[in-house]
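Take a look at the structure below.
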Amino acid sequence: MAEVAERVQEIITQASEELKSVQVTKEIQLEYDVGNLVATDKNTLDDNRIRNEADADEYLCSLARDGVQALLTQVWDLPTQRIDSVIYATLPKPTTRLPREKPVPKPKPVTKWEQYAREKGLTRKKKDKKQWDEDLKRWVPRYGYRKVEAEKKKHWVKEVPANADPYEDQFAKVAEMKKEHIAKNEFQRLRNIAKHRKIKVPNVGVTGNELASKRDLDLAMHHSKHATASLGKFQPPLQGEKKVKGLGKKRKHEETTGDAKAEKKRYIEVLEKMDKPDLNLDAAIHKQIRDENVAMDMKRKGGKKHLRRSKMGKRHRTKSDYRSINLGKGIHKKEKAKNKSKAAGARGRAMAKAGGTSVGGAGKAKGKVGGKGGKGKGGGRGKKGK
């Protein structure tokens, strides 16, 4: 019996040594934030035990155990309540400000109606889901498919107003008004969203100067002017008003049967537009002079005539081209006389082709005749053409 008593005493002693006390004593008391379940230990660590690999883990585990035990002691001191055989502790408000992962959400902006209700002191009253209907003598829900069925039974016939069309469908008119009401509410909702996001949207009707261009304003004015029973036929034009391009009549279709004189006159006008004008003799002479000068320059330089065109789609101009363009425009007298002689010779050649006679000035250029029966006199030193 004595051996058994000694063995039991040894077990109790060993268990008491392993079971540590719930009281944690530190040189510097721990700081607690029970709302966040945080305990802060500001005591200095033992460097010798931390650097010792054999004793480091045990030392760190003992520090963690003391901190958790001290924090749970503080939790058990809080007021508790039992719910379904489970004890709950009410945590106080946190004292440590922790950083947020995301910014604090902004309060939802109020709508125009909510702002008006606040200014007027209006409060929203909670309504029952059902209301008593005197006509049907029963409770009817305020919304839903049962409400629609009750409305059909209640308003199965509609009276036609005195000033309305007797053949107009009043049920279709009510449905159309309901659609317009829904569309108006949706437009108001979207406008509130745009207002909260600070997006500029045009008002109803003609848009403002900040959001509309000149083209948009012209279109709005055009549509408002033609929104009459006569489609703007008797609408007087405004002072300085211009017609909007692209909105007129695309094509005027003439009548196939009608006045023969008017049709004949119209056809003659078309033929006159199609008829080519007479030959411009001056332009032809200058073109002939330019071509000859270009050929002479190329022959003198020993090159050939390049047909390369510029980026604008035309041939590159030479000095002779500019001389012919500036013919008679303030150039030197000798150059002017020389050009005059060339012009006379070219005129003679052109008239010879037509079968006439031409007399030139006192130039140095030679005149040539290209047609039959024509004579050409170039100038003081000109020859008769063959």
Side-chain angles (χ1 to χ4, degrees), residues 93-94 97-229 231-232 235 238 244:
K93 291 184 178 180
R97 297 186 62 181
L98 300 177
R100 290 179 56 89
E101 179 184 0
K102 297 181 180 179
V104 180
K106 297 180 181 179
K108 187 177 179 181
V110 296
T111 61
K112 292 179 66 176
W113 165 250
E114 291 176 351
Q115 185 177 0
Y116 174 79
R118 289 181 182 179
E119 293 175 357
K120 297 297 181 180
L122 303 177
T123 56
R124 181 177 295 180
K125 297 180 181 179
K126 187 176 180 181
K127 297 181 181 179
D128 297 332
K129 292 184 179 181
K130 292 185 178 182
Q131 61 182 355
W132 179 257
D133 195 333
E134 294 292 340
D135 297 335
L136 300 176
K137 302 298 181 182
R138 62 186 179 87
W139 291 94
V140 179
R142 293 182 178 273
Y143 52 88
Y145 71 97
R146 295 186 182 275
K147 173 69 174 179
V148 177
E149 293 177 357
E151 289 294 330
K152 289 181 179 180
K153 292 181 180 179
K154 185 177 179 180
H155 302 287
W156 61 274
V157 64
K158 289 186 178 295
E159 182 179 359
V160 180
N163 56 351
D165 186 6
Y167 298 101
E168 185 181 10
D169 189 356
Q170 298 298 325
F171 292 97
K173 186 177 180 180
V174 172
E176 187 69 22
M177 292 176 62
K178 185 177 180 180
K179 289 181 181 180
E180 292 180 0
H181 185 68
I182 294 173
K184 182 180 178 181
N185 291 341
E186 180 66 15
F187 174 76
Q188 182 68 29
R189 185 182 69 84
L190 296 177
R191 190 167 65 177
N192 288 334
I193 295 174
K195 179 182 177 182
H196 298 153
R197 296 185 179 180
K198 297 181 180 180
I199 301 174
K200 293 183 178 181
V201 294
N203 297 325
V204 179
V206 181
T207 57
N209 294 333
E210 298 180 356
L211 302 168
S213 60
K214 184 178 180 297
R215 174 69 177 176
D216 297 335
L217 294 175
D218 292 341
L219 290 175
M221 182 180 291
H222 173 79
H223 292 307
S224 62
K225 184 177 180 181
H226 289 73
T228 58
L231 299 179
Q235 189 75 11
L238 301 177
V244 184

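No hydrogens, no waters, no symmetry mates; every other heavy atom, side chains included, goes into these values.
Residues Phe171 and Trp156 share a closest heavy-atom pair of CZ-O, 3.6 Å. The shortest non-hydrogen separation linking Val110 to His196 is O-NE2, 3.3 Å. Counting all heavy atoms, side chain and backbone alike, Pro109 lies closest to Glu114 at O-OE1, 4.5 Å. Between Lys130 and Pro141 the shortest heavy-atom distance is CG-CA, 3.9 Å. Contact record, Glu134 with Lys137: O-CE, 2.9 Å, taken as the closest heavy-atom pair. Contact detail for Asp165 and Val160: the closest heavy-atom pair is O-CG1, 4.0 Å.
Under the side-chain contact (heavy atoms from CB on, under 4.5 Å) rule, Ile182 has a single partner from Lys178, Glu180, Lys184, which is Lys178.
Counting heavy atoms from C-beta outward, His155 and Val174 have side chains that stay 4.5 Å or more apart. Using a 4.5 Å heavy-atom cutoff, the side chains of Arg138 and Asp133 are not in contact. Counting heavy atoms from C-beta on, the side chains of Trp113 and Leu122 come closer than 4.5 Å.
For Arg142, the CZ atom counts as densely surrounded, since its 6.0 Å shell holds more than 12 non-hydrogen atoms of other residues, nucleotides or ligands. For Lys153, the NZ atom counts as loosely surrounded, since its 6.0 Å shell holds 12 or fewer non-hydrogen atoms of other residues, nucleotides or ligands. For Arg197, the CZ atom sits in a loose shell: 12 or fewer heavy atoms of surrounding residues, nucleotides or ligands are nearer than 6.0 Å. Counting heavy atoms of neighbouring residues, nucleotides and ligands inside a 6.0 Å radius, atom CD of Glu159 does not exceed 12 of them. Counting non-hydrogen atoms of neighbouring residues, nucleotides and ligands closer than 6.0 angstrom, the NZ atom of Lys112 reaches no more than 12 such neighbours.
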Take Arg189 and Glu186 through the salt bridge (charged side-chain N to carboxylate O under 4.0 Å, His left out) test and state the conclusion after the steps.
CA-CA 5 Å; Arg189 185 182 69 84; Glu186 180 66 15; 2.5 Å; yes

Under the side-chain hydrogen bond (donor to acceptor under 3.5 Å, both in side chains) rule, what do Gln188 and Arg191 come out as? Steps first, then yes or no, please.
CA-CA 5 Å; Gln188 182 68 29; Arg191 190 167 65 177; 2.7 Å; yes

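With respect to Glu151 and Lys154, no salt bridge is recorded, no charged nitrogen being found less than 4.0 Å from a carboxylate O.
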